[in-house]
Amino acid sequence: TNEANKSRTYNVPVTTLFDSWANARTGRRWLDGRIGKVRTATPAKSMRLDGEDRSIVAVGFMSKGRSKSAVAVQHTKLRDRDTANRLKQYWSERFDALAEVLVF
């Protein structure tokens with residue numbers, strides 16, 4: 001099974017980080033529409049989303065104090081290694097875009 005994993009730490013509370021994924025309006029500002037609907041979500045903990053080509057995006061959120069948190073993405077059920085490598089770069093770029101949205 002091929003997968004792409006990426007994580008990043010941000011200087012925001014975990015609830016703010018979770019909301020940047022859960023809120024469709026905010027998500028449109030940093031995700032490019034390639035990731036589909038939320039399948040399941042546990043506030044400030046985790047969510048699962050539909051990816052392209054029937055892939056699954058599992059997202060975990062971790063508090064690292066009152067004003068710092070991390071997000072980890074595991075993009076699974078990818079068809080080949082090239083797709084996994086491309087999606088590692090994709091998530092790195094999306095995390096950069098998320099950082100710009102989280103700047104107050």
Is the shortest heavy-atom distance from the side chain of Ile35 to the side chain of Trp91 under 4.5 Å? yes

So, for Lys77 and Thr1, which heavy atoms are closest and what is the spacing to 0.1 Å? N-CG2, 4.2 Å

To the closest 0.5 Å, what do you measure between CZ (Arg39) and CG (Asp50)? 4.5 Å

For the pair Trp21 and Val38, evaluate side chain to side chain contact (heavy atoms under 4.5 Å, CB included) and give the outcome as yes or no after the intermediate values. CA-CA 9 Å; Trp21 289 73; Val38 175; over 6 Å; no

Tell me every residue that passes side chain to side chain donor-acceptor pair (under 3.5 Å) with Ser55, counting only those two or more places apart in sequence or in another chain. His75

Quick one: OG1 on Thr16 to OH on Tyr10, what's the gap to the nearest 0.5 Å? 13.0 Å

To check you understand the geometry: which heavy-atom pair defines the closest contact between Ala70 and Thr9, and what is its length? CB-OG1, 3.7 Å

Rounded to the nearest 0.5 angstrom, the CG-OG1 distance for Asn2 and Thr76 is 10.5 Å

Identify every side-chain donor-acceptor pair in residues 24-31 under 3.5 Å, counting partners at least two apart or on other chains, and give the distances.
unit_1, atom_1, unit_2, atom_2, d
Thr26, OG1, Asn23, OD1, 3.4
Trp30, NE1, Ser20, O, 2.9

Side-chain donor-acceptor contact under 3.5 Å, Thr83 with Asp80: yes

Working to the nearest 0.5 angstrom, can you tell me the gap between Lys6 NZ and Glu93 CD? 10.0 Å

Under 3.5 Å, sequence neighbours excluded: what are the donor-acceptor pairs made by side chains of residues 62-69?
unit_1, atom_1, unit_2, atom_2, d
Ser63, OG, Gly65, N, 3.4
Ser63, OG, Gly65, O, 3.1
Ser69, OG, Val12, O, 2.8

Where do Phe18 and Val59 land on the side chain to side chain contact (heavy atoms under 4.5 Å, CB included) test, with the steps shown first? CA-CA 10 Å; Phe18 179 85; Val59 186; over 6 Å; no

Do Met47 and Leu102 sit in the same hydrophobic cluster, where Ile, Leu, Val, Met, Phe, Trp and Tyr count as joined when their side-chain heavy atoms come under 4.5 Å apart? yes

Closest non-hydrogen contact found for Val57 with Gly51 is CG2-CA, 4.2 Å

Listed by chain and number, what are the side chain to side chain donor-acceptor pair (under 3.5 Å) partners of Arg48, not counting sequence neighbours? none

Residues in side chain to side chain contact (heavy atoms under 4.5 Å, CB included) contact with Lys88, at least two apart in sequence or another chain: Ala4, Asn85

Sequence neighbours left out, what pairs pass salt bridge (charged side-chain N to carboxylate O under 4.0 Å, His left out) with at least one residue falling in residues 51-63? Arg34-Glu52, Asp53-Arg79

